[in-house]
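Let me begin by presenting the structure, written as C-alpha cells, before commenting on it.
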Amino acid sequence: MSSTHPLGSQSAPRRLCVVGGGMVAHRLVEALLDRDTDKAWEVDLFCEEPMAPYDRVALTSYFSGKTPADLVLGDEDLAADPRVSVHLGSTVTAIDPAGRKVTTEEGVTAWDALVLATGSSAFVPPVTGCDLPGAFVYRTVQDVRDLEAWVERLQEGAAVFEGGRDVRPVTGVVVGGGLLGLEAAGALHGMGVATTVVEFADRLMPLQVDEGGGASLRRIVEGMGVQVLTSTASAALHAGESGAVRSMEFADGSIVDADVVVFATGVRPRDELARAAGLVIGERGGVVVDDSCLTVAEDVYAVGEVACIQGRTWGLVGPGNTMAEVVVDRLLGGGATFPGADTSTKLKLLGVDVASFGDAFAEAPGSLEVTYADPVAGVYKKLVMSDDAKTLLGGVLVGDASAYASLRPMLGAELGSDPNAWLLPEGSGAPVMGDLPDAANVCSCNNVTAGTIRCSVTDEGCTDLAGVKACTKAGTSCGSCLPLVKKLMTTELEKAGVTVSNALCEHFEFSRAQLFDIISVTGLRNFSEIISSHGTGRGCDICRPVVASILSSLGTGHVMDTDLARLQDTNDHVMANLQKDGTYSVVPRVPAGEITPAGLIAIGQVAADFGLYTKITGGQRIDLFGARLEQLPEIWKRLVEAGFESGHAYGKSLRTVKSCVGSTWCRYGVQDSVGMAIDLELRYRGLRSPHKLKLGVSGCARECAEARGKDVGVIATDNGWNLYVGGNGGFTPRHAQLFAEDLDTETLVRTIDRFLMYYVRTADRLQRTAPWVEAHEGGIDAIREVIMEDSLGICADLDAAMESHVDNYRDEWAATLADPAKLSQFVSFINAPDAGDPDLTYVEERGQRRPATAEERESGAPIIAGPRLATRTWESDATEGMVHS
Amino acid sequence: MTETVEQGQQPPNAWVAVCTKRQLIPERGVAVLVKDQQVALFRVTAPDGSDFVYAVGHKDPFSDANVIARGIVGSVGAGEELRDTVASPMYKHVFDLATGECLTDPAGRLPVYRTWIAGGVVYIHPVPIAPPALVA
C-alpha cells in the first residue's frame, strides 16, 4: 500500500510540501526538523507573503515600534537548514492529490506528503463602499503597513481640513468589537486617531466574555477615549470629495465621521485549492480533516485555520499548533490525534487584561456562577462552578486577570476553597417434553426426529445447543423447534448426569427468568449496565431482545427509546411485521374482532391508497402487507385518525382475544363473550411476554371461539366463566387445560392477571405457556396454588405489576407519531428520506399485488409498481440534501 | 496490487458524505444510498468509548431483501477475539461487520465499504473493499 511509508535512514528522504507560510506552517516545519532525527523528510515550504513566517498574533506591536523583521518567527532561519527549501512570495495555484504534485508560478513540485496550511483571509462584509480608499483589513504585515501609511498621510496632509481652516482630528472606525477589532482600535488610538469601535452583538468580545465582562470591558475602553457602539450594524461607507472614505452610515441611519475604516469582522478559511482539487469542504468552509488532520485524500493533511476539524475551524494559533504537532507525529509514523482545543485566552488589549477559559458562558446544566465586579476599578471576575460549587468549570476575568495562571490549570478540578477567595482582590488559592417418542418429528424443516436429537447427545457427545444444531441440523431453518430441541437435549444431558447450562447465550450465563430477577432486583434499566455487570461482550440477537422484553415488562419506556431501540428485533423496533421482501405488514388492533362498518371502510381505504395486499388473519383482524419502512408513519397516521391503535402483531406480547358473537346475538350464547373479550384485550394490550400470547372467549360450551387453543381460554357457563390455560396452535398444538370453574367476572380477571404476570416473570425465552406449565415444578396444580391460594405470597406483587401495566399503557403508534425524533427513523435511506427501496417489484394476482418471485423478475414478466412507487424519485442524486450537523 | 492502483486513481471526491455521526443511533443500523448501492451503516462504541462506523452491503444474500441495516448488532467471542456482528432480521444469519463473512453459513457474504469520519460527518467510499480471500 502506498499509504505506509518505510521509515529509516537507509531510505531516500521523502518530500513534504507545505502550502502556506503562516505561524502553524512554521511550527510544523520547525517541529519536523527537530524530531526527524533519521532525516526521513525534506521540505518545500511555499509562502505567499514575501517574508519569512512571522508572528501574526503580535501584529499590533508593529505600531509600538517593532519592525517586521522583529516579528519573524524562530530563533533560527528555517531556510538555513539544508532539508528545507523556503519559497518566499511563491503562490501555489493548484494541488493534485492523485498525481502528488503542486503547481506554482515557477513550476511543478512533486511530494510524498502535502500539508495545506493556507490559513484564512480577512472577511469583509458586503457593505456599500467597503472597497473605498481608506478601508482596510487587519491581517498581514502589509495590511498594517498600508494602514499606518494612510493614517500618516492624513495627519500630514490637508485631507482633514474643513473649509480650509478648522482642523479636526483624523477619525477612524473599527468594524467588529472582537479580539482583532480591539487590537486594531488600540493601534488606531495609539496613532492619535479618534477611534470608534462598532460591534453588531450587544457587547464587546461576545465570543469570549459574558455580559458582565463585556460591560466592564466597555467602561475601561471608553475610559481610554475609544468610543464603543454595540448592537450596531454597518450599512455603508460614504466617500468624500477626494474619493476616499469620509463617513460611515449605520443601519439606523446615523452617520459618523470616518477617515479610515478597519474591518475586523472575522476570517474565512482559504480552502480554494482544496475545493478545486475536489477535497471535502466543510459547510462553513475549511478543508474537512479527521482527527489525524488527514483530509479525504491520501497523504494530504490540513492544519491551522484552513482545517475543519471535528466539525469546525479554529481561528486561534493554539489549536493550529496542536494540529501541526499531530501531523509531524503522523509523518514520523506515530498515531497522534487531535485532542480537541482549549479556547482559553488571556490577552492584554488596549492595556486591559482580558481572560476567558473553560465553560465561560456557564452552559453546563446546573452550573453556578460566582461573580465579583468593581465598576469603579473596571474589574469583572466570574467563576463558573459545578452544581455542588466545588469543581471549577470556567471563568471570565476582565480588568484583573492575575488569577488566570492559577485558575486555568484547575479546570475540571476541585478548587478546594471558597470560590470567592479567588475573586476578591487579595484572594489566592481544586424452559416436559422428555417422554416424546423417538420417531416424533421435531424439526419439520430438516426432518429431524426426537431420537436423532437424543442420539446426538448420548452417542455423538454434543453438550450444547450449537453442537446439536450442527450435528443434526435441527433448528437451523425456521428455528421454531429450538426450545423443544433444547429441552430434549437438556433432559438427555441430565439423565447422563451432566450439569446443563441454562445460559441464554454466550453473553449471559443466566436463564431468562434469572435475568428477569436480576434486572428486577438490581433496578438496572440500561443494557450497557446490565451486560457489563452481568454479561460479556456486546450481546447478540438472542439476549438483546430478551433484555428489551424484560425491561418492557417492567414498564420501561417506549420501544424506540435509544437504549431499548438497539435491543429490538426489527419488528418491535418499527412496530410492524417484516415480510420476505423487506417490506412490512400492518395490523391495527380490532378488539375481539368487533369492527364497525366505518372502521372497515377506513382500513380498506388506507390499503387501497397505499396499494397494500389485505388478508383476514386467524385472530379476527386485518393484515395489510407490503408497506415500506418510510410509509409506516403515514399509514399509521391515517389509522390513528380513524380511531385504531397498534395491534402488537409484531411483538412477543398479547396478540388478540378471539371471540364468538355470544349472547347478544347468538340463540345459544349464555354470556356476552364479545364484551368480555374486549375487556380482556384492552386490559392486556401491550403486555410484553416471553412469547406471543393469544386469548379466546367463547359464549357457550360449543366453543366457537376455539378458546381451548389459546394460552388463556375463557368459556361461558350458566354460572359464570370456566378458565383454561396453556393452549396453543402452531408448531406443537396443545389444548388448554381447565384451571378454574364458574368464576365470577372479577375473580376471572384477577386470576388471568396473576397467571399472565407469573408467566411473564418466570418463563424461559420463547417458552409458550403450555411448556411453561409443564416445566413448572408440580405442574398446573402448583401454579393454581400459587395464583389462587397465594402459596408463594407473591399475589399482591403480581396484582400490583398488572395494575401498573394497565395504568401505564399507551398506544405505541400514537406516541411515535407525536415524536419527530422517532419518526425520523422511518426511512429506507437516511440520506434519501423520501426514497423507497428501488429493488422492490410486484406482480398482480387475484386482484392484488404480491412480491415478484426471483423467476418472475428475471423473466421480465409484467411487473407492477405500487400506486405511490411511480411518483417517487429514487433516481435523483440521493446524496443531495443531506443535513450536516 | 491492481486493486490498490485502481482505487488510487479514484478522484478524492469519490467519497460520498452520507449522514452525520449524530444521525446514527449507537448499535442501531441505518441504510444509505451510495451511488445506487444500498449500504448498511452501524455505529458501535468500543470499550474505550471511541466510536467506529461499519459499512456493509444492505442486501441479505440469503433472502435477497435489503434488510441488513435493520439487524441486531452484537458480538461473538471475547477479548482480542471479539468480533462485532449483525444478525440479519430475515433468517437470523450472523455476519462479521468488519469482514462481511457470514459466521452461521459460509455460503453468504456481505460487501464491506471503507468509511471516513471527519467533523462529525460520515463518508463512504463507493468501491467495496475486495474480500480478504480474493486479495490473498
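The structure displayed is predicted, hence computed values, not measured ones. Residue numbers start from 1 in every chain, and the chains themselves are labelled A, B, ... in the order their sequence lines are given, proteins ahead of strands.
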Options A:T583, A:V827, A:T295, ranked by heavy-atom pairs under 4.5 Å with chain B, top entry: A:T295
Flag if over 12 foreign heavy atoms under 6.0 Å of CD, B:Q37: yes
Contacting region of A:V288 [heavy-atom separation from chain B under 4.5 Å]: both
Interchain contact, B:I117 with chain A, by part (heavy-atom threshold 4.5 Å): backbone
Any side-chain heavy-atom pair of B:W15 and A:V296 under 4.5 Å: yes
Considering all heavy atoms, the nearest A:Q568-B:R28 contact: O-NH1, 2.8 Å
Reported CE-to-CD distance for the pair B:M90 and A:Q579, which is rounded to 0.5 angstrom: 8.5 Å
Region of B:V73 in contact with chain A, defined by heavy-atom distances below 4.5 Å: both
Toward chain A, the part of B:V86 with a non-hydrogen atom under 4.5 Å: neither
Option in B:V76, B:D64, B:V94 with maximal non-hydrogen atom pairs under 4.5 Å from chain A: B:V76
Test log, rule side chain to side chain contact (heavy atoms under 4.5 Å, CB included), inputs B:V44 and A:R538: CA-CA 9 Å; B:V44 297; A:R538 220 182 261 296; 3.9 Å; yes
Check: A:L578 and B:V67 side chains under 4.5 Å, non-hydrogen atoms: yes
Atom group of A:D581 that falls short of 4.5 Å from chain B, counting heavy atoms: backbone
Pairwise side-chain contact, A:D839 with B:K59, heavy-atom cut-off 4.5 Å (strictly under): yes
Proximal component of A:S532, with respect to chain B [non-hydrogen, under 4.5 Å]: neither
Where B:V18 and A:N831 come nearest, the two heavy atoms and their spacing: O-CB, 3.0 Å
Contact check, side chains of A:I830 and B:C19, non-hydrogen atoms, under 4.5 Å: yes
Side chain proximity check, A:P545 to B:I72, heavy atoms < 4.5 angstrom: yes
Nearest atoms (heavy-atom pairs only) where A:G582 meets B:A65: N-CB, 3.9 Å
Residue pair B:Q38 / A:P838, side-chain heavy-atom distance below 4.5 Å: yes
B:D60 with A:K580: basic N within carboxylate O range, under 4.0 Å: no
Where B:W116 and A:L294 come nearest, the two heavy atoms and their spacing: CZ2-O, 3.1 Å
Minimum side-chain heavy-atom gap A:I542-B:K92 below 4.5 Å: no
Side-chain donor/acceptor of A:E506 to backbone N/O of B:G77, under 3.5 Å: yes
Candidate pair B:V32 and A:F829, rule side chain to side chain contact (heavy atoms under 4.5 Å, CB included), full reasoning: CA-CA 5 Å; B:V32 293; A:F829 306 105; 5.5 Å; no
Nearest-0.5 Å distance that lies between atom CG in B:L33 and atom CG in A:D837: 8.5 Å
Steps toward side chain to side chain contact (heavy atoms under 4.5 Å, CB included) verdict (B:R70, A:V574): CA-CA 9 Å; B:R70 305 178 217 155; A:V574 305; 5.7 Å; no
Pick from B:T85, B:D84, B:D105 with the largest number of heavy-atom pairs that fall under 4.5 Å of chain A: B:D84
pair B:S75-A:H507: side-chain heavy atoms closer than 4.5 Å: yes
Contact winner vs chain B - A:D569, A:T536, A:I309, heavy-atom pairs under 4.5 Å: A:D569
B:A31 to A:S828 - nearest heavy-atom pair and separation: CB-O, 3.2 Å
